[in-house]
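Before any comments, here is the structure.
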Amino acid sequence: MGGKASLKIVSLVTIAICTITIIADFISMLHRPKSLNGATGSVTTKVPRSSIAKLSMLYGEPNPLYERALAAHLPHNKNFGYNMYVLREKTLPGYWSKPAFILDQLLAELALPAEERLKWLVWFDGDTVLMNPKIPLEIFLPPEDKWGHIHALVTNDHRGLNNGVFFLRVHEWSVWLMTATLGLEIYEPGIELEFGDQSAMGIWVLDERFRPNITHVPQRWFNAYAGNRGETNGLFADPFAPQSKFHANSIKEGDLLVHHAGHKSLRAQRMAPWMDVAEMHLPQWELELEETTYQQEITEFWQTEAPEERKRVDKMIAQEEKKKAAKERAAKEKEEQKKGAAEGK
Ligand SMILES: *[C@@H]1O[C@H](CO)[C@@H](O)[C@H](O)[C@H]1NC(C)=O
């Protein structure tokens with residue numbers, strides 16, 4: 001997105017405002033009551049309501065495993081006063097319901113008087129399993145003194161942005177990010193979005209319009225993968241076995257959650273043993289916050305790594321450009337081969 005970017009943004013935004021307002025009003029009209037009292041219910045006990053709320057979605061054919069994954073949030077919500085809103089009907093094709101639902105919730109919060117608003121929303125994909133309900137989400141928030149302009153916390157895996165779990169501040173800025181994400185496909189139909197909303201958001205996260213207000217944090221913090229545990233040939237990880245190979249993004253004991261991204265056909269099989277363990281509430285997984293390395297890691301991160309965000313994102317952009325160039329080269333070669341074959345006839 002080079003020189004024409006600002007013009008494009010202006011027109012995108014204009015189209016988007018109209019579309020989104022209509023869509024959001026419509027969705028909230030249909031779903032507000034249900035999502036407010038979603039499957040995981042609301043918080044009632046002594047713990048005061050947190051200024052962070054959780055969002056997720058689960059719709060379609062009943063899926064007991066995913067219902068269990070949602071239910072695993074309950075003790076966490078109760079411990080820290082999180083409300084959780086769950087979208088129960090598909091509103092848009094593919095997974096576009098996700099940014100639309102987030103947008104809907106953002107606008108609903110912004111429509112409240114400032115003092116009544118939530119401060120942050122945290123998205124959880126349905127294939128994440130909450131492993132430690134003793135870890136408050138608040139620890140991950142950017143320290144306000146120096147990082148008050150950071151409105152999104154995201155994580156990357158080896159392929160780029162993974163938006164299975166991410167933090168968004170309740171702020172106008174977030175409305176534009178979700179609007180741009182949702183609008184990209186209709187605005188630039190030629191653009192290839194391999195992973196739908198995730199790819200669209202991945203493009204904007206690296207764009208100058210949004211990148212100054214985003215921090216990429218270590219994936220393991222709240223979007224960890226299962227990694228390698230036990231003799232399980234890399235496709236399955238046994239939560240009872242110790243790590244057999246180190247990856248920085250693999251869940252370790254005491255971490256918040258594990259995300260079973262990718263391998264769609266094997267997902268349920270890979271996820272089930274982790275779901276079992278989560279429900280057992282084992283002390284080796286449910287460490288107290290003080291027993292984990294979180295607080296030290298997080299403090300260090302904001303001191304030493306966060307200031308390097310610009311450099312890190314420059315590298316990500318260079319990588320993306322390299323990938324794109326390789327793809328274009330491959331497509332061109334294929335084209336030439338085809339032409340050659342046609343001329344040879
Ligand atoms: C985004 O970050 C930049 C750079 O720190 C800041 O100048 C700007 O005000 C921020 N934008 C918003 C909407 O907070």
Side-chain angles (χ1 to χ4, degrees), residues 1-21 24 50-53 55 99-123 137-156 160-161 163 165-184 187 197 200-218 221-222 298-318 320:
M1 312 236 154
K4 287 182 288 178
S6 55
L7 189 67
K8 281 186 177 178
I9 289 166
V10 171
S11 20
L12 168 67
V13 150
T14 318
I15 302 169
I17 292 174
C18 306
T19 326
I20 294 320
T21 313
S50 168
S51 63
I52 303 178
L55 304 180
F101 181 53
I102 297 171
L103 188 54
D104 177 28
Q105 296 291 329
L106 279 170
L107 290 170
E109 287 305 317
L110 289 170
L112 295 172
E115 65 278 8
E116 288 173 30
R117 284 177 206 157
L118 292 164
K119 294 209 159 61
W120 288 83
L121 299 176
V122 185
W123 176 268
L137 299 173
E138 279 80 354
I139 59 171
F140 301 114
L141 297 181
E144 280 299 309
D145 52 352
K146 207 170 153 209
W147 305 100
H149 65 288
I150 295 300
H151 305 319
L153 301 178
V154 300
T155 62
N156 273 17
L161 178 74
N163 72 349
V165 184
F166 64 99
F167 285 57
L168 261 190
R169 194 192 291 271
V170 173
H171 189 287
E172 178 196 329
W173 180 93
S174 305
V175 172
W176 296 125
L177 178 63
M178 287 300 106
T179 302
T181 299
L182 200 50
L184 191 60
Y187 189 69
D197 66 288
M201 186 174 160
I203 287 170
W204 288 117
V205 159
L206 302 181
D207 192 89
E208 202 50 56
R209 168 69 174 81
F210 293 108
R211 59 178 280 201
N213 309 94
I214 297 172
T215 300
H216 288 78
V217 302
W221 284 5
F222 52 74
I298 291 169
T299 307
E300 270 175 29
F301 174 87
W302 289 106
Q303 277 166 7
T304 62
E305 280 187 63
E308 303 291 311
E309 174 78 7
R310 183 130 208 118
K311 249 191 253 166
R312 289 188 292 147
V313 173
D314 281 342
K315 260 192 215 151
M316 292 173 204
I317 293 170
E320 285 302 316

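Counting starts at 1 for both ligands and their atoms, in listed order. Quick caveat, the model's predicted, so the values are computed rather than measured. Heads up: numbering here begins at 1 and tracks the sequence.
Ring pair W204/F210 is perpendicular by interplanar angle, where above 60° counts as perpendicular and below 30° as parallel. Between F167 and W120, the angle of the ring planes goes over 60°, which puts this pair in the perpendicular group of the 30/60° scheme.
Atom 5 (O) of ligand 1 has H149 CD2, 3.2 Å as its closest protein atom, hydrogens excluded (heavy atom only). Atom 14 (O) of ligand 1 has its closest protein heavy atom at H151 NE2, 2.7 Å.
In this structure a side-chain-to-backbone donor-acceptor pair under 3.5 Å is missing from S174 to V170. Here the side chain of R169 pairs a donor or acceptor atom with the backbone of I150 at under 3.5 angstrom.
Between H171 and ligand 1, no pair of N/O atoms sits closer than 3.5 Å.
For atom 9 (O) of ligand 1, no protein non-hydrogen atom is found at a distance below 4.0 Å.
Considering only heavy atoms from C-beta on, V175 comes within 4.5 Å of L107 through its side chain.
Against a heavy-atom cut-off of under 4.0 Å, N213 is close to the following atoms of ligand 1: 1 (C), 2 (O), 3 (C), 8 (C), 10 (C), 11 (N), 12 (C), 14 (O).
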